[in-house]
Amino acid sequence: MLLIHCPYCEEDRSELEFRWAGEAHIARPDAIADITDEEFAEYFFLRNNEKGLTYERWRHIHGCGRFFNAARDTVSDRFLMTYKAGLPKQPVPGVSATEKTVETYEQTEGDAR
Amino acid sequence: MAEVSSSKAARTLALSGIRGRAASVSIIPAAPAERVSLRARPEDVTALSSALELELPTKPKTSATNNMRTALWLGPDEWLVIGDGEGESGLMAACAASGVLCSAVDVSHRNTAIWVEGAGAAAAINAGCPLDLSLKAFPVGACTRTIFGKVEIVLLRTGEESFRVEVWRSFSDYAYALLAEGALDATF
Ligand SMILES: [Zn+2]
């Protein structure tokens, strides 16, 4: 079972108590009525879906109920760190910035028979 | 025309009459209680504590008890306050009298509670709950909202071998059945 550290409960708890809540650190535009449709789509619909280090919101829904942020590796599924909501994006010691890998169908599935 | 009786209808517990039977665990419905779901800001905790005559806990997973009242820390600004007796313990009135801005919702009838006691109590609960219930990680007085099988519960340890399981009324059949199932496997 995967254990996730809740920064509010201050301990590791079972993944069964948590829910994923999408990409973290997405700022709502100030003048949201004035932005173009493209800018709105970028804010509202489009996500980076990065391979490797990614920042996500999680919620300890069956625990303290709080939302918090997590740095997670999407390749290994490991939680690298968690921190309270409202804090700026935290650097993860020893992990460099995300590699900008663009995977195409041919690269990943092209050899599948 | 039919006579309208003036006597109050008797309220029946969701799990009325049920008794768990397993060698090392007893599973018994708790008596009705008054319950308040309380949300408040950190700066108002002191005023609420004195109004409730009970120190609202501010550390995760802790509870405080005074005079038949127990306050359970559920989150950084959230408590479940339980008062013995049905509607007479004055929890709502105490919150209103605190004079601070808070959200106090009477959830007395939303929840029902189950006492799980005996040498196999922790094992019976662990049948559906991933928490570490060793005395080191979950000592007497510890409490938390957590998951039990498919339902959410609030768990409070009242003794080394004694737990109060707070569960939503409509989920109580399920919680009871899973506890009874877990109790059968709890061999000590
Ligand atoms: Zn938590």
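To find a chain, count down the sequence lines: A is the first, B the second, and so on, and within it residues start at 1.
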Original post:
Of all residues at least two apart in sequence or in a different chain, which pass the side chain to side chain donor-acceptor pair (under 3.5 Å) check with Glu11(A)?
Top reply: Arg13(A), Lys61(B)
**OP:** Kindly write out the residues that satisfy side chain to side chain donor-acceptor pair (under 3.5 Å) with Asp77(A), not counting sequence neighbours, or none if the list is empty.
**Re:** Arg72(A)
If hydrophobic clusters are built from ILVMFWY residues whose side chains come within less than 4.5 Å, do [X] and [Y] share one?
X: Trp168(B); Y: Val116(B); value: yes
X: Trp115(B); Y: Leu179(B); value: no
X: Ile27(B); Y: Phe171(B); value: yes
X: Leu72(B); Y: Leu54(B); value: no
X: Phe40(A); Y: Ile26(A); value: yes

Please report the interatomic distance [atom1]([X]) to [atom2]([Y]), rounded to the nearest 0.5 Å.
X: Asp132(B); Y: Ser14(A); atom1: CG; atom2: OG; answer: 12.0 Å
X: Glu17(A); Y: Cys129(B); atom1: CD; atom2: SG; answer: 7.0 Å
X: Glu78(B); Y: Cys64(A); atom1: CD; atom2: SG; answer: 9.0 Å

Original post:
Just wondering, more than 12 heavy atoms not from Glu160(B) lying within 6.0 Å of its CD?
Top reply: no
Original post:
Counting a contact as any heavy-atom pair under 4.5 Å apart, which residues of residues 147-157 of chain B contact chain A?
Top reply: Ile147(B), Glu152(B)
Original post:
What pair of heavy atoms forms the shortest contact from Pro60(B) to Tyr8(A), and how long is it?
Top reply: CG-O, 3.3 Å
**OP:** Grab the two heavy atoms, one from Gly75(B) and one from Arg66(A), that are nearest each other, plus how far apart they are.
**Re:** CA-NH2, 4.3 Å
**OP:** Indicate yes or no: at least one non-hydrogen side-chain atom of Met1(A) is less than 4.5 angstrom from one of Pro130(B).
**Re:** yes
**OP:** Identify, with sequence neighbours excluded, every residue that meets salt bridge (charged side-chain N to carboxylate O under 4.0 Å, His left out) alongside Glu23(A).
**Re:** none
